[in-house]
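The chains referred to below are lettered A, B, ... by the order of the sequence lines, with proteins before strands, and numbering in each begins at 1. Note that the coordinates shown come from a computational prediction; the quantities given were computed from them, not determined experimentally.
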Amino acid sequence: MPRRLPRRFYDRPTLEVARDLLGARLVRIQDGRRIAGIIVETEAYCGEEDLGCHAKAGRTRRTEPLYGPPGYAYVYFTYGNHWLLCPVTRPAGQPEAVLIRAILPTEGLDAIEARRGRQPRPHWTDGPGKLAQALGIDGRLNTADLTAANSELFIESGRPVPDRFVTTTARIGLYTVPEPWKSLPWRFVAALPGDLTQLEEDA
DNA sequence: AGCACGATTAACT
DNA sequence: GTTAATCGTGCTC
């Protein structure tokens, strides 16, 4: 039986949280119904020292959620169109988070198709802005507590993804970020989507 | 007030 | 692989 990930899950080193979120299930409750998918791609963003992290700007109106306690959502707007979702990690005062970059849809397919059906199905939730659109995630969910019992956005434990299915690469989209941060292998990808859905069904 | 840029996407060559 | 779209944010003047 899947359970909602507790605050202590997020209160760990961000690279570990990013790795361990692979295979977990992102769940959005809307109109009393579940829209969900298995997390298959994440990225770690690690504080003010990490020049790829928004926290490099310090504590501002926008970055304030990053400085809060772990287990809350940092949802921000970018490129004039897109909302991106990041569970906050580490204790309050340490501005770190994990960007969820892709999921495999498992529940609420009709709702997802209604929002993403103009694109071919493989592209419904294969990007951070796409999955936010698919699940109806926007700025209203910024600072939402992912661990609260009545939360309409949370993450459930899944079956762990074995290391042989996990690859790491540099983070995406950091065009003007200097080295070494631009190239650090802080992106985690669960390969072989078919195998992952099989894992879930076996669970 | 103005400006450069962005943790992207979709469409195109 | 390349590029336009689009607007909030943070910084400078």
Give a yes/no verdict on a cation-pi contact between A:R12 and A:F9, requiring under 6.0 Å between NZ or CZ and the six-membered ring centre and an angle within 45° of the axis.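 That pair qualifies as a cation-pi contact.
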Over how many whole Å does the gap from [X] atom [atom1] to [N] atom [atom2] extend?
X	N	atom1	atom2	answer
A:Y79	C:dT6	OH	P	16 Å
A:D138	C:dG8	CG	P	14 Å
A:L131	B:dT8	CG	C1'	12 Å
A:R101	B:dT8	CZ	C1'	8 Å
A:E41	B:dA7	CD	P	15 Å
A:N142	C:dG8	CG	P	15 Å
A:L21	B:dA7	CG	P	20 Å
A:L51	B:dA7	CG	P	12 Å

Quick check on contacts: within residues 57-65 of chain A, what sits under 4.0 Å from DNA chain C by heavy-atom distance?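 Residues of residues 57-65 of chain A that come under 4.0 Å of DNA chain C are, in numerical order, A:T60, A:R62.
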NZ/NE/NH1/NH2 to OD/OE distance under 4.0 Å, [X] and [Y]:
X	Y	result
A:R25	A:E107	yes
A:D11	A:R7	no
A:R34	A:E152	no

Check the side chains of A:R116 and A:T125 for a donor-acceptor pair under 3.5 angstrom, ignoring hydrogens and angles.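 A:T125 vs A:R116: no donor-acceptor pair found between side chains.
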Using a 4.5 Å cut-off on heavy atoms from C-beta on, say whether the side chain of A:L5 contacts that of A:L146.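 When only atoms from C-beta onward are counted, A:L5 and A:L146 do not touch, as no gap falls below 4.5 Å.
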Heavy atoms only, 4.0 Å cut-off, all strands: where does [X] land among base, sugar-phosphate and nothing?
X	answer
A:F77	sugar-phosphate
A:I172	sugar-phosphate
A:R187	nothing
A:H54	base

Has A:Y45 got its ring stacked on B:dA7, by the test of a centre gap below 5.5 Å and a plane angle below 30°?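 By the stated criterion, A:Y45 and B:dA7 stack.
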Quick check for you: to the nearest 0.5 Å, what is the distance between A:L174 atom CG and A:S183 atom OG?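 Those atoms lie 9.0 Å apart.
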Using the ring of each side chain (for Trp, its six-membered ring), is A:H54 parallel, tilted or perpendicular to A:Y74, with breaks at 30° and 60°?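 Ring orientation of A:H54 relative to A:Y74: perpendicular.
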Presence of A:K56 side-chain N/O under 4.0 Å of C:dG10 phosphate oxygens OP1/OP2: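 No, no such contact exists.
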Quickly, which of A:R171, A:R101, A:R19 forms a salt bridge (charged side-chain N to carboxylate O under 4.0 Å, His left out) with A:E43? Name it, please.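 Running salt bridge (charged side-chain N to carboxylate O under 4.0 Å, His left out) over A:R171, A:R101, A:R19 with A:E43 returns exactly one hit, A:R101.
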Closest-nucleotide ordering on DNA chain B, the 5'-leading residue of A:Q119 and A:G52: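 Result of the comparison: A:G52.
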Test A:R90 against A:T14 for side-chain hydrogen bond (donor to acceptor under 3.5 Å, both in side chains), laying out the working first. CA-CA 7 Å; A:R90 306 290 273 169; A:T14 303; 4.9 Å; no
Would you mind telling me which of B:dA10, C:dA5, B:dA7 lies closest to the side-chain atoms of A:N81?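 The listed nucleotide nearest to A:N81's side chain is C:dA5.
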Hunt down any stem DNA chain C takes part in, defined as 3 or more consecutive Watson-Crick or G-U pairs whose two distances are each under 3.5 Å.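 Stems (3+ consecutive pairs) listed as B:1-6 with C:7-12, B:8-12 with C:1-5.
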